Amino acid sequence: MKPVAFSHLRADNADTAGKALRQGAKILAGGQSLGPMLNLRLARPETLVGVSFLPGMSEIRQAKGRIVIGAGVTHARIEDGADDIALPPMMRHVARGIAYRAVRNKGTIGGSLAHSDPAADWLSCLTALDAGLVVQDAAGKDRRVPIAGFMLGAYRTVLTPEDILTGIEIRDEMRDALWGYDKVCRKVGEFADAIGALVVHPDSGFIRLVAGATGGPPLILTELGADIAARATHPGRDAVRAALSARLTDADDVKLHLLTTALCRAIEKVLPA
């Protein structure tokens with residue numbers, strides 16, 4: 001199928017984008033999720049507003065102890081690590097495993113977050129890195145949203161129809177954090193059936209253990225993470241499965257097995273079993 005007819009506006013300033021959004025336009029970034037939805041006519045907007053040329057959308061910069069990544073930065077740029085500003089190594093690893101190079105060349109980190117597929121990589125990765133998100137309203141005013149509360153459910157976020165996700169902020173110290181990331185897929189390039197992520201920054205005492213691809217927002221396993229920090233050892237497969245079972249009461253045995261496997265592999269990359 002082909003999409004219904006629509007007009008396209010390339011916005012190069014917040015006023016233009018805000019006016020279009022107030023009139024009911026939908027945002028287009030890399031188009032790797034929206035494009036197929038248009039072709040299947042699951043989405044039928046009258047107007048698309050391209051936001052990739054808004055100021056700062058494609059920049060990676062340093063600001064006040066934080067790394068700021070524009071929401072229009074592509075997966076491929078993060079994978080290649082060619083920018084002067086160094087990113088946490090975990091991000092390059094995660095970017096390399098997203099879909100295929102053709103998708104990574106066009107798909108953007110902000111577009112992935114705004115689309116909020118529960119099985120997408122950036123949601124789990126950035127939750128583990130304790131990122132913050134910069135959101136601009138139709139009047140051009142910014143607000144900051146912790147990523148842990150950004151996703152409300154599958155394909156649902158705190159963004160309003162007039163909001164634009166413009167950037168991702170990560171603390172500088174995350175460059176030096178220990179990390180493990182693993183995902184289980186049926187085949188290379190597909191969305192994950194299970195994701196496990198662990199980030200530890202010993203100097204600050206930060207630790208976050210995350211299970212992703214749960215069907216909803218990434219699951220932060222706070223108590224198990226605290227136990228890992230206290231003991232500095234792998235908690236064991238049984239403890240990981242028990243922690244998941246307590247939080248995911250509707251998950252079947254197959255899902256629990258996959259999530260347990262992904263989490264154990266992520267933990268093992270930081271601490272031996």
Side-chain angles (χ1 to χ4, degrees), residues 65-67 87-95 97 113 116 118-133 144-153 157-158 168-184 192-251 253 255-273:
R66 294 178 180 270
I67 307 160
L87 300 177
M90 180 181 183
M91 293 188 69
R92 289 193 65 186
H93 171 83
V94 170
L113 293 170
S116 276
D121 289 270
W122 287 129
L123 284 165
S124 297
C125 170
L126 293 173
T127 298
L129 288 169
D130 194 30
L133 306 181
R144 277 153 179 82
V145 179
I147 194 166
F150 175 72
M151 184 181 180
L152 301 178
T157 72
V158 299
I168 297 95
E169 297 181 337
I170 303 168
R171 296 192 303 279
D172 284 349
E173 65 194 35
M174 291 305 173
R175 290 191 180 102
D176 303 318
L178 306 175
W179 59 275
Y181 188 90
D182 187 83
K183 66 176 179 177
V184 179
D193 293 305
I195 294 174
L198 174 64
V199 172
V200 181
H201 190 265
D203 291 345
S204 66
F206 175 85
I207 182 166
R208 182 163 287 179
L209 181 65
V210 175
T214 64
L219 181 63
I220 301 174
L221 298 168
T222 305
E223 292 183 3
L224 186 59
D227 183 66
I228 291 172
R231 298 174 182 272
T233 58
H234 195 301
R237 188 177 183 88
D238 290 344
V240 172
R241 185 181 176 102
L244 288 167
S245 298
R247 297 286 300 277
L248 301 173
T249 56
D250 294 332
D253 287 342
K255 189 67 173 180
L256 287 173
H257 175 77
L258 293 175
L259 287 168
T260 299
T261 298
L263 275 170
C264 284
R265 289 174 178 171
I267 296 169
E268 287 165 9
K269 293 174 182 177
V270 179
L271 297 167

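Computed from a predicted structure; not experimentally measured. Numbers here simply count residues along the sequence, with the first being 1.
Applying the salt bridge (Lys or Arg N to Asp or Glu O under 4.0 Å) test to R175 and every residue at least two apart in sequence or in another chain returns D172. By the side chain to side chain contact (heavy atoms under 4.5 Å, CB included) test, R237 is found to be paired with H257, T260, T261, C264, residues two or more places apart in sequence or in another chain being considered. By the side chain to side chain contact (heavy atoms under 4.5 Å, CB included) test, P146 pairs with no residue at all, sequence neighbours left out. Residues that satisfy the side chain to side chain contact (heavy atoms under 4.5 Å, CB included) test with S116, not counting sequence neighbours, are L123, F150, M151, T157. By the side chain to side chain donor-acceptor pair (under 3.5 Å) test, W122 pairs with H75, sequence neighbours left out. Every residue meeting the side chain to side chain contact (heavy atoms under 4.5 Å, CB included) condition with A194, not counting sequence neighbours, appears here in chain and number order: V184, L258, L259, A262.
Contact record, I168 with A131: CG2-CB, 4.0 Å, taken as the closest heavy-atom pair. The two residues L263 and G196 make their nearest non-hydrogen contact at CD2-CA, 3.8 Å. Residues A128 and A197 approach most closely at CB-CB, 3.9 Å, considering heavy atoms. Nearest approach of K183 to I195, heavy atoms of both residues: CB-CG1, 3.8 Å.
Counting only residues at least two apart or in different chains, salt bridge (charged side-chain N to carboxylate O under 4.0 Å, His left out) contacts with residues 226-235 comprise D227-R231. Within the structure, no pair that satisfies the salt bridge (charged side-chain N to carboxylate O under 4.0 Å, His left out) test touches residues 210-219, not counting sequence neighbours. Annotation: salt bridge (charged side-chain N to carboxylate O under 4.0 Å, His left out) contacts involving residues 202-224, sequence neighbours excluded, comprise D130-R208.
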Could you list the donor-acceptor pairs under 3.5 angstrom formed by side chains in residues 238-245, with sequence neighbours left out?
from	atom 1	to	atom 2	distance (Å)
R241	NH2	D253	OD1	3.3
S245	OG	R241	O	2.9

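Atom-to-atom distance recorded for H201:NE2 and E173:CD is 4.5 Å, nearest 0.5 angstrom. Note that CZ of R247 is 8.5 Å distant from CD1 of I220, once rounded to the nearest 0.5 Å. Rounded to the nearest 0.5 angstrom, L209 CG and I267 CD1 are separated by 5.0 Å.
With a 4.5 Å cut-off on side-chain heavy atoms, L126 and I170 count as touching. Contact of the W179 side chain with the M174 side chain is not registered, since no non-hydrogen atoms from C-beta on lie closer than 4.5 Å. Here the side chains of S124 and V94 are not in contact, with every heavy-atom distance at 4.5 Å or above. In this structure, the side chains of I228 and V270 stay at 4.5 Å or more apart for every pair of heavy atoms.
Not one N or O on the side chain of R265 forms a donor-acceptor pair closer than 3.5 Å with the backbone of G180. For K255 (side chain) and L248 (main-chain N/O), no donor-acceptor pair under 3.5 Å exists by modelled atom type.
By the 30° and 60° cut-offs, the orientation of the rings of Y181 relative to H93 is perpendicular.
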- Item | side chain to side chain contact (heavy atoms under 4.5 Å, CB included) evaluation trace for I207 with L198 | CA-CA 7 Å; I207 182 166; L198 174 64; 3.9 Å; yes
